[in-house]
Amino acid sequence: PATNAMSGIATFASGAHTITQATLGNIVRTHQSTATNDDPGTTDRHGRITSSSNTTTTLHTLTLATDKAYILSAKVLGVCTATGGGGADPLVGDTIGVHIRGTVRNAGGTASIVGQVQDAQSDALMALATAVLNKSGATIIFEVTGVAGASNAYVWHLSECILSNPLGS
C-alpha cells in the first residue's frame with residue numbers, strides 16, 4: 001500500500017477529510033510534532049470483533065514501545081446481534097457504549113496500567129457488559145465481555161486515539 005505524507009499546514013477546500021484504512025488494527029491517522037526532542041504524537045486505530053455470551057474477548061492489542069508512556073482514549077460500542085430471549089437476556093439491538101481513558105507505560109519491557117476510567121452508558125439489559133484495559137508482557141489488551149446467555153451474540157467496534165511521549169520527558 002502507498003504511504004501518503006503531508007508536512008506543514010494542509011487546507012482542504014471541501015472542508016472534509018476522509019481517510020480509509022482497509023485493515024483493522026492498523027494506524028488510520030498519525031499526527032506528530034518534531035519541534036521538540038521527544039516528538040510527541042497521536043495515532044488513531046479502529047477495531048471490530050464478534051463475541052458470544054459472557055466470554056471475555058480481545059478487541060484490540062497495543063504493543064508498547066520500551067520506555068514510553070501513553071495516554072489512551074478509546075470508544076467502544078457493543079451491540080447485541082442475537083439473543084436467547086430469556087428475561088435477563090438483552091434484546092437484539094441493545095447497546096453499550098464505553099469511553100475508556102487510561103495512562104499506560106512500558107518501563108524496561110513490561111507494560112503497566114497507571115490508571116483507567118470507564119464511562120459506560122447502556123440499555124438496561126446490557127448493563128453487565130464491559131470494556132476494559134488489561135496487560136500482558138509489553139502489551140495493552142482491550143477486552144470486552146457481553147451478557148451471559150448461551151444464545152447471546154455481540155458485535156464490538158473500537159475507535160482508539162493514543163498520545164505518546166518518551167518516559168521522563
Side-chain angles (χ1 to χ4, degrees), residues 18-31 41-165 167:
T18 301
I19 303 170
T20 303
Q21 169 55 265
T23 304
L24 291 174
N26 282 1
I27 293 173
V28 175
R29 178 180 62 177
T30 299
H31 294 159
T42 60
T43 57
D44 296 336
R45 291 181 174 87
H46 298 149
R48 178 193 186 279
I49 55 125
T50 59
S51 70
S52 59
S53 189
N54 62 338
T55 303
T56 298
T57 306
T58 298
L59 174 56
H60 180 65
T61 60
L62 174 66
T63 300
L64 305 179
T66 301
D67 297 328
K68 280 206 171 234
Y70 303 81
I71 295 174
L72 306 177
S73 177
K75 296 174 182 126
V76 177
L77 176 66
V79 180
C80 180
T81 57
T83 183
D89 286 344
L91 304 173
V92 170
D94 278 358
T95 62
I96 182 169
V98 183
H99 185 185
I100 303 170
R101 296 181 316 275
T103 302
V104 299
R105 66 183 177 136
N106 177 334
T110 302
S112 63
I113 299 171
V114 177
Q116 67 176 306
V117 174
Q118 298 91 11
D119 296 322
Q121 300 82 38
S122 69
D123 287 308
L125 294 174
M126 288 285 281
L128 295 177
T130 61
V132 299
L133 298 178
N134 207 334
K135 62 185 174 70
S136 177
T139 302
I140 296 296
I141 305 164
F142 293 81
E143 294 180 333
V144 293
T145 306
V147 178
S151 299
N152 294 346
Y154 306 92
V155 63
W156 300 90
H157 292 269
L158 167 81
S159 178
E160 163 198 61
C161 180
I162 304 164
L163 170 66
S164 64
N165 249 23
L167 286 175

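- In this structure, a donor-acceptor pair under 3.5 Å is absent between the side chains of N54 and T145.
- Annotation: the span from C161 atom SG to R101 atom CZ amounts to 13.0 Å, rounded to 0.5 Å.
- If you take CG on L64 and OG on S112, they are separated by 8.5 Å, rounding to the nearest 0.5 Å.
- Within the 3.5 Å criterion, the main-chain N or O of G109 finds a donor-acceptor partner in the side chain of N106.
- Of the listed residues (I141, L72, T139), just one forms a side chain to side chain contact (heavy atoms under 4.5 Å, CB included) with L62, and that residue is L72.
- Taking the side chain as every heavy atom from C-beta outward, T57 and E143 never approach each other to under 4.5 Å.
- Taking CG of D89 as the reference point, atom OG of S151 lies at 7.5 Å (rounded to 0.5 Å).
- Interatomic distance, OG1 of T103 versus OH of Y70, reported as 13.0 Å (0.5 Å rounding).
- Between H99 and S73, the shortest heavy-atom distance links the atoms NE2-OG, 2.9 Å.
- Counting all heavy atoms, side chain and backbone alike, I100 lies closest to A131 at CD1-O, 3.6 Å.
- Across all non-hydrogen atoms, the minimal contact from D123 to D94 is OD2-CA, 3.1 Å.
- A donor atom on one side chain and an acceptor atom on the other are not found under 3.5 Å apart for T50 and W156.
- Contact between A150 and S53 at its shortest, heavy atoms only, is N-OG, 4.5 Å.
- For the pair V98 and I96, the minimum side-chain heavy-atom distance is below 4.5 Å.
- Between R48 and L59 there is no side-chain heavy-atom pair separated by less than 4.5 Å.
- The shortest non-hydrogen separation linking P90 to M126 is CB-SD, 3.8 Å.
- A salt bridge is defined here as a Lys NZ or Arg NE, NH1 or NH2 lying under 4.0 Å from an Asp or Glu carboxylate O, and R105 with D67 fails to meet this definition.
- Side-chain atoms of E160 and H60, non-hydrogen and from C-beta on, do get closer than 4.5 Å to each other.
- By the 4.5 Å heavy-atom criterion applied to side chains, H46 and L158 are not counted as neighbours.
- A distance of 6.0 Å separates CD1 in I113 from CG in N134, rounded to the nearest 0.5 Å.
- Taking CG of L133 as the reference point, atom CD1 of I140 lies at 6.5 Å (rounded to 0.5 Å).
- The side-chain heavy atoms of R45 and T43, taken from C-beta on, include a pair separated by under 4.5 Å.
- Checked options V79, T81, V144, V147; the residue passing with Y154 is V147 (criterion: side chain to side chain contact (heavy atoms under 4.5 Å, CB included)).
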Would N152 and T83 satisfy side-chain hydrogen bond (donor to acceptor under 3.5 Å, both in side chains), going step by step from the backbone distance to the final call?
CA-CA 4 Å; N152 294 346; T83 183; 3.3 Å; yes

